[in-house]
Amino acid sequence: MLVPKMFYFFYFAAMSSLLPFLALYYRQMGLTGRQIGLLGGVSPLVSLAAAPLWGALADATQQHKKLMLLALVLSLAAMAGLSLAPSFPWLMVAVIAFAFFGAPAMPLVDNTVVELLGERRNDYGKQRLWGAVGWGIVAPIAGEAIDRYGLRWAFYSYFVLMSCVIVVSLYLPVARSSIRPRFFNDLHQLLTNQRWLLFLLTIFIGSLGLAFVLNFLFLYLSELGATKTLMGLSMTMATLSEVPLWFFADQLLYRWGSKGALVVSLLACFVQGIAYSLMRAPWLVLLIQLLQGPAFSTMWAAGVSYAAEIAPPGVRATAQGLFAGVVMGLRPAFGAFIGGVLYDAVGAAMMFRLGGAAALAGLLLLGLTSRFSRPSA
């Protein structure tokens with residue numbers, strides 16, 4: 001399991017060196033909050049369609065590894081195009097390309113890890129925690145480099161680290177789904193499973209606030225006078241909260257189940273949203289980011305486990321793609337679109353407060369659907 005750990009480490013290290021700073025890069029280019037929200041929203045919206053599409057293509061052709069390597073190389077090329085884009089329309093083209101080609105990596109690797117673990121799939125968190133480690137180590141280094149040398153260094157660090165991801169991927173034993181003649185029947189069964197669809201809907205609504213944090217936290221911190229170094233350190237604090245959650249995810253899932261872990265996540269999303277809405281001193285972000293582990297890690301572990309549990313064997317990569325499409329696609333897309341409008345209209349504080357309210361709505365929906373799906377006596 002060393003190679004998957006290395007993949008997670010370098011992949012999230014690459015993401016932490018660039019993605020949180022993109023909003024600042026867009027602002028430096030003179031874009032408005034709505035334009036930044038549009039760019040932030042179109043990327044995950046493309047991923048929403050692309051992730052399950054790539055997953056289904058991999059399941060149907062049994063070419064999981066070749067497709068993943070191709071997608072990684074093309075996503076790196078797309079990001080190079082984004083770094084050179086001279087205007088908003090060209091930025092939009094590059095963002096769409098990056099989102100499309102970047103979509104399949106995580107679902108295919110998550111499916112591989114779950115398949116390799118077999119009956120021990122709840123140990124997934126012990127592998128995924130290395131992504132949090134990579135994120136937390138690189139983020140403050142990237143922030144310091146950007147403070148000293150400018151935002152272009154975010155792209156340089158991303159290119160180096162993503163090249164490491166591609167090299168590691170050559171040695172990754174990407175799992176294939178078992179070849180079954182009932183692929184389309186299995187796919188129909190997955191797409192019409194009400195419990196699965198309600199689970200995804202709950203995640204979509206309840207964690208909208210996390211999309212606000214991803215797309216607009218650094219802009220908010222910049223308004224409060226925070227340095228790029230403090231911004232990077234805020235991601236390190238998020239990592240400190242994520243690592244133990246990933247490590248003990250198997251015990252949490254064993255004790256509470258996927259839906260219980262989702263309750264923990266939504267409660268943390270609510271507290272985080274309210275805390276950001278009340279924050280006035282930028283250094284407080286270091287404390288509030290400690291909620292990132294309960295908010296994000298428990299949700300992701302719950303979703304990966306539930307997808308592996310509920311999907312027929314022949315469409316498990318597809319199920320992971322659907323989950324990733326909602327978490328990394330639909331939710332952040334709507335969060336970016338809505339957040340961009342709210343940021344310009346009512347300000348960052350109210351935007352985060354409404355994100356906390358969405359978490360409460362998610363908890364209510366989860367309670368109602370759990371009661372609805374409970375067998376009658």
Side-chain angles (χ1 to χ4, degrees), residues 15-16 18-49 82 88 91-92 95-96 98-99 102 200-224 226 231 234-235 238 265-266 268-280 282 284-285 288-289 291-292 295-296 299-300 324-363 365:
M15 296 302 166
S16 74
L18 176 60
L19 295 191
F21 299 99
L22 277 180
L24 299 176
Y25 178 71
Y26 297 150
R27 180 70 86 188
Q28 181 176 280
M29 293 185 67
L31 303 187
T32 66
R34 295 192 180 205
Q35 288 175 317
I36 293 171
L38 185 60
L39 288 173
V42 73
S43 175
L45 197 58
V46 171
S47 296
L48 170 67
L82 190 151
F88 178 74
L91 280 172
M92 180 66 72
V95 164
I96 290 173
F98 175 73
L200 293 178
L201 179 62
T202 300
I203 287 177
F204 164 68
I205 294 175
S207 61
L208 274 176
L210 289 178
F212 296 165
V213 173
L214 175 65
N215 286 285
F216 299 103
L217 176 60
F218 280 14
L219 282 180
Y220 185 38
L221 290 173
S222 181
E223 290 180 1
L224 295 176
M231 295 177 193
S234 73
M235 292 194 288
S265 168
L266 295 177
C269 288
F270 166 70
V271 176
Q272 187 184 59
I274 299 303
Y276 277 131
S277 75
L278 299 175
M279 183 177 69
R280 296 297 177 265
L284 289 172
V285 69
I288 301 173
Q289 282 289 79
L291 291 165
Q292 186 68 13
F296 178 76
M299 176 190 66
W300 191 274
V326 171
V327 175
M328 308 303 290
L330 185 63
R331 174 187 60 90
F334 272 77
F337 291 143
I338 296 170
V341 173
L342 292 175
Y343 198 99
D344 283 344
V346 298
M350 181 58 70
M351 177 192 68
F352 286 123
R353 193 167 302 168
L354 292 172
L360 286 183
L363 281 169
L365 176 62

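All residue numbers refer to positions in the sequence shown, counting from 1.
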Worksheet item: Atom CZ in Phe212, atom OG in Ser207: separation rounded to 0.5 Å?
Response: 10.5 Å
Item to complete: Look at the side chain of Ser222 and the backbone N and O of Leu219, then say whether any donor-acceptor pair between them is shorter than 3.5 Å.
Response: no
Worksheet item: Does a side-chain heavy-atom distance below 4.5 Å link Phe204 with Leu200?
Response: no
Worksheet entry | Spacing of Leu221 atom CG and Leu24 atom CG [to the nearest 0.5 Å] | 9.0 Å
Discussion item. Using 0.5 Å steps for rounding, measure from the CG atom of Leu82 to the OH atom of Tyr26.
Written reply: 4.5 Å
Fill in: Side-chain heavy atoms of Ile288 within contact of Gln272, under 4.5 Å
yes
Worksheet item: In Å and rounded to the nearest 0.5 Å, what is the CE to CG distance from Met92 to Leu38?
Response: 3.5 Å
Discussion item. Looking at Tyr220 and Phe352, would you say the former's side chain and the latter's main chain have a donor-acceptor pair under 3.5 Å?
Written reply: no
Fill in: Atom pair OH (Tyr343) and CG (Asn215), whose distance is rounded to the nearest 0.5 Å
11.5 Å
Discussion item. For a quick test of reading the model, state the closest non-hydrogen atom pair linking Ala349 to Ser277 and the distance between them.
Written reply: O-CB, 3.1 Å
Practice prompt. Please report the shortest heavy-atom distance between Arg280 and Leu224, naming the atom on each side.
Written response: O-CD2, 3.7 Å
Worksheet item: Can you tell if the side chain of Tyr276 reaches within under 4.5 Å of the side chain of Val285, non-hydrogen atoms only?
Response: yes
Worksheet item: Hey, are the side chains of Tyr25 and Phe21 touching, using non-hydrogen atoms and a 4.5 Å cut-off?
Response: no
Worksheet item: Do Leu39 and Phe88 have side chains that get closer than 4.5 Å, going by heavy atoms?
Response: yes
Worksheet entry | side chain to side chain contact (heavy atoms under 4.5 Å, CB included) partner of Met351, the single match among Val341, Asp344, Leu342, Ile338 | Leu342
Worksheet item: Is the backbone N or O of Gln289 less than 3.5 Å from a side-chain atom of Gln292, with the two atoms forming a donor-acceptor pair by type?
Response: no
Worksheet item: Is it the case that more than 12 heavy atoms not belonging to Phe334 sit under 6.0 Å from its CZ atom?
Response: no
Discussion item. Quick check: do Met235 and Phe218 have side-chain heavy atoms less than 4.5 Å from each other?
Written reply: yes
Worksheet item: Looking only at heavy atoms, what is the nearest atom pair of Gln35 and Thr32, with distance?
Response: OE1-N, 3.0 Å
Worksheet entry | Nearest-0.5 Å distance, CD1 of residue Ile205 to CG of residue Leu363 | 11.5 Å
Worksheet item: Any side-chain heavy-atom pair from Val95 and Leu22 closer than 4.5 angstrom?
Response: no
Worksheet entry | Non-hydrogen atoms of Gly206 and Cys269 that approach each other most closely | O-CB, 4.0 Å
Fill in: Criterion side chain to side chain contact (heavy atoms under 4.5 Å, CB included) on Thr202 and Leu266, from CA distance to verdict
CA-CA 9 Å; Thr202 300; Leu266 295 177; 4.0 Å; yes
Worksheet entry | Arg331 (side chain) donor-acceptor with Val327 (main chain) under 3.5 angstrom | yes
